[in-house]
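Note sheet for the following structure.
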Amino acid sequence: MSEADKGSTESAVEAPRDFIREIIQSDLDAGRVDGLVTRFPPEPNGYLHIGHAKSLCLNFGVAEEFGGRCHLRFDDTNPVKEETLYIDAIKKDVSWLGFDWGDHLYFASDNFEQLYAWAVDLLENGKAYVDDLNAEEMREYRGTLTKPGRNSPHRDRSVEENLDLFARMRAGEFANGEKVVRAKIDMAAGNINLRDPAIYRILHETHPRTGDAWCIYPTYDFAHGQTDAIEGITHSLCTLEFEDHRPLYDWFVANLPVKTAPHQYEFSRLSLSHTVLSKRNLKQLVDDGKVSGWDDPRMPTLSGFRRRGYPASAIRTFARQLGFTKSGDSVVEMANLDFFVREALNKTALRRMAVLNPLKVTIENWPEGQVDWMDAVNNPEDEGAGKRKVPFTRELYIERDDFMEDAPKKFFRLSVGREVRFKYGFFVTCTEAIKDDKGEVIELKCTYDPETRSGTNPPDGRKVKGTIHWVSAVHAIKGDVRLYDPLFNRPDPGADGDFQDDINPDSLTINTAALLEPSLADASVGEAIQFERLGYFCADPDHSPNAPVFNRTIGLRDSWAKAQKKG
RNA sequence: UGGGGCGUGGCCAAGUGGUUAAGGCGCUGGUUUUUGGUAUCGGUAUUCGGAGGUUCGAAUCCUCCCGCCCCAGCCA
């Protein structure tokens with residue numbers, strides 16, 4: 001992360017207190033653990049999104065606060081869904097968010113041999129068995145939510161037979177689905193996870209890390225807790241839907257010769273309004289071409305946010321102030337995230353001038369060919385950011401929205417006969433609006449007051465109600481500006497059917513007419529820049545000095561537009 | 001007629017028997033301002049899902065009721 005990104009925004013948010021931190025504190029105080037070790041365990045089957053950021057901030061956050069450590073562990077037990085490209089993308093995103101796992105990078109697959117041995121251990125102790133039931137039969141034997149299940153006919157196979165079968169499973173003698181090994185727990189348990197859960201299945205599939213070494217793979221339930229134990233994880237933090245799995249997690253820890261006894265705690269996952277946050281839905285958007293990729297700036301993925309220009313610090317601050325609770329069905333409003341994005345950007349973004357919808361202005365009393373280089377501050381929130389020069393000339397462009405023909409009293413911008421300040425320039429009065437045949441205003445004739453040069457006020461003491469931005473016609477460069485609106489046009493996409501039916505068709509607008517202050521050609525990708533009065537932008541990876549491309553990260557708060565909307 | 005959770009303002013969320021029921025977002029007024037931005041000041045729950053009960057005192061303890069979420073993958 002950059003120096004600027006390490007700013008003080010986070011320290012401004014008080015150290016949070018939540019039930020997880022309380023548990024950790026009390027475990028430490030009581031000496032139940034020697035130190036804190038957490039882990040962030042993504043499955044490499046998609047990109048990380050803002051929901052993962054919450055978990056990342058919790059796991060790495062508490063580790064840092066309590067002087068412990070946090071491991072990055074890939075939960076790669078299902079080769080049919082997992083890919084190396086996701087492993088790389090996840091590592092990049094975790095680093096970008098600002099977390100460092102040091103030497104503690106692990107893969108569940110590193111433990112396949114040990115997990116196999118533990119499955120054998122269970123088989124030897126009569127606590128597991130090889131079953132021949134197929135998936136459909138197993139479902140039928142499992143019972144329902146209200147009715148207990150029945151024992152499989154193979155539940156009481158001999159230890160010898162089980163061991164032989166399991167060895168042959170490993171050796172590849174059986175096809176996918178032909179055999180499965182199950183923990184022998186209780187088919188009548190109210191908790192369905194305890195009705196003899198599958199712990200090993202046959203998957204003739206190449207694994208991203210172990211290749212073809214295995215054709216049987218442990219399930220999540222059989223891998224997660226044991227992997228936690230191997231790594232010495234003390235507090236295994238996960239989301240609420242795993243609450244029902246905790247008895248199973250504990251069962252394996254209790255019934256296997258693991259060296260440590262980690263504990264699982266659950267917190268509520270993040271839901272955000274106006275977007276979807278499940279890998280399945282996000283992958284569908286990518287696969288169906290509804291977005292340009294996982295890093296499309298409209299995506300709630302970390303890579304999407306990064307490309308969009310959201311500072312990592314804003315995401316961290318956002319996560320931090322949310323808190324960690326067990327309230328299951330909470331949906332955080334997108335406006336909450338927006339606030340932290342603007343807050344971070346306001347402090348760090350360089351200010352530049354750019355006109356998105358240009359309207360020509362000719363300053364008739366300005367000498368032809370004269371260029372005055374005016375002082376402009378780079379960031380009013382940060383004196384250290386310095387100043388730059390911007391060229392003021394006879395022919396300028398302003399924003400179309402900054403001119404109105406029949407302007408109401410409350411309109412503080414330009415209109416025929418009205419005077420405004422051109423930021424860092426002069427007071428300018430509009431004398432005439434030139435129209436084309438269709439009656440559309442195509443140019444403004446104006447005059448300026450030489451006694452109002454930026455930094456000075458007119459001797460007669462008159463004031464101006466508005467200040468607008470502008471660019472010099474001869475100096476400006478052209479560029480594409482991509483404007484984003486929410487990907488979905490309702491806060492709860494999919495609430496009444498297919499979430500794709502709620503896609504906002506106008507979520508991306510590409511503006512090719514924008515005129516930019518010349519220095520913008522040299523913007524570096526991702527660098528935060530405010531286009532004065534318009535919003536925060538950053539150069540897209542597609543950007544080049546000859547063909548500038550900017551993304552609008554987020555607009556400025558706009559109370560004028562809001563008042564307009566209300567009528 | 002199963003098991004596991006959760007219910008505090010529009011949203012998130014403190015609160016752990018005695019507080020005028022924190023705080024943030026949003027919304028809404030004012031002030032400042034060469035960004036209608038920022039900053040700043042004020043307003044925004046007589047009440048904690050509901051009903052009873054215990055207590056001098058309850059969002060906090062007890063009882064019953066109501067509502068919402070998760071679980072029947074050889075996904076994680």
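Below, chains carry the letters A, B, ... as their sequence lines are ordered, and counting in each starts from 1. Note that the coordinates shown come from a computational prediction; the quantities given were computed from them, not determined experimentally.
Mapping A:K423 and A:L145 onto RNA chain B by nearest heavy atom places A:L145 closer to the 5' end of the strand. Two residues, A:A188 and A:A135, neighbour RNA chain B, and the one matched to the more 5' nucleotide by heavy-atom proximity is A:A188.
Taking the six-membered ring for Trp and the full ring otherwise, the centers of A:Y249 and A:Y220 sit at least 6.0 Å from each other. Aromatic rings from A:H274 and A:F488 are positioned such that their centres are separated by 6.0 Å or more.
Of the nucleotides present, B:rG26 is the one that pairs with B:rU44 by Watson-Crick or G-U wobble criteria, both distances under 3.5 Å. Using N1 to N3 plus N6-O4 or O6-N4 for Watson-Crick, or N1-O2 and O6-N3 for G-U wobble, each under 3.5 Å, B:rU55 pairs with nothing. Across the strands present, B:rG37 finds no partner; the criterion is a Watson-Crick or G-U wobble pair with both atom distances under 3.5 angstrom. Here B:rG73 sits opposite no nucleotide as a Watson-Crick or G-U wobble pair (both hydrogen-bonding atom distances under 3.5 Å).
Within the nucleic acid shown, A:H245 comes within 4.0 Å of at least one base atom, counting heavy atoms only. If you check every strand for non-hydrogen atoms under 4.0 Å, A:N78 touches sugar and phosphate atoms only. Across all strands, A:D558 comes closer than 4.0 Å only to sugar-phosphate atoms, never to a base (heavy-atom distances). As judged by a 4.0 angstrom heavy-atom cut-off over every strand, A:V331 is placed among residues touching the sugar-phosphate backbone only. Counting non-hydrogen atoms under 4.0 angstrom, A:K410 reaches a base of the nucleic acid. Within 4.0 Å (heavy atoms only), A:Q530 reaches at least one base atom of the nucleic acid. Using a 4.0 Å heavy-atom cutoff across all strands shown, A:F242 reaches at least one base atom of the nucleic acid. Base contact: A:Y424 has a heavy atom under 4.0 Å from a base atom. Here A:T219 lies in heavy-atom contact (under 4.0 Å) with sugar-phosphate atoms only. Within 4.0 Å (heavy atoms only), A:E43 reaches sugar-phosphate atoms of the nucleic acid but no base atom. When heavy atoms are screened at a 4.0 angstrom cut-off, A:S559 is found touching the sugar-phosphate backbone but no base atom. At the heavy-atom level, A:T325 lies under 4.0 Å from the strands shown only through sugar-phosphate atoms. When heavy atoms are screened at a 4.0 angstrom cut-off, A:R342 is found touching no nucleic acid atom at all. Across all strands, A:F411 comes closer than 4.0 Å to base atoms (heavy-atom distances).
Between the side chains of A:S519 and A:R352, at least one donor N or O lies within less than 3.5 Å of an accepting N or O. No donor-acceptor contact under 3.5 angstrom links the side chains of A:N151 and A:Y141, judged on distance only.
Taking the C1' atom of each, B:rA51 and B:rG67 are spaced 15 Å apart, rounded to whole Å. Between B:rA59 and B:rA21, the two P atoms lie 9 Å apart (nearest whole Å). If you take atom P in B:rU33 and the same atom in B:rU28, they sit 23 Å apart, rounded to whole Å. Annotation: B:rG49 and B:rG42 have their P atoms spaced 30 Å apart (nearest Å). Atom C1' of B:rG26 sits at a distance of 26 Å from the matching atom of B:rU19, rounded to the whole Å. Between B:rC12 and B:rC75, the distance separating the two P atoms is 34 Å to the nearest Å. With C1' as the reference atom, B:rG73 and B:rU47 are 45 Å apart, rounded to whole Å. If you take atom P in B:rG57 and the same atom in B:rC71, they sit 44 Å apart, rounded to whole Å.
The outermost nucleotides of RNA chain B lying under 4.0 Å from heavy atoms of chain A, listed 5' to 3', are B:rG2 to B:rA76.
Annotation: side chain to side chain donor-acceptor pair (under 3.5 Å) contacts of A:N379 (sequence neighbours excluded): A:R351.
The line from CD1 of A:I199 to CG of A:L123 is 7.0 Å long, rounded to the nearest 0.5 Å.
When A:R155, A:K179, A:R182 are each tested for a salt bridge (charged side-chain N to carboxylate O under 4.0 Å, His left out) with A:D132, only one passes: A:K179.
With respect to A:R462 and A:D449, a salt bridge is recorded, a charged nitrogen being found less than 4.0 Å from a carboxylate O. Between A:E82 and A:R209 there is no salt bridge, since none of the side-chain N atoms of the basic residue sits less than 4.0 Å from a carboxylate O of the acidic one.
Taking the O4'-C1'-N9-C4 or O4'-C1'-N1-C2 dihedral as appropriate, B:rG37 has a value more than 90° from 0 and is therefore anti.
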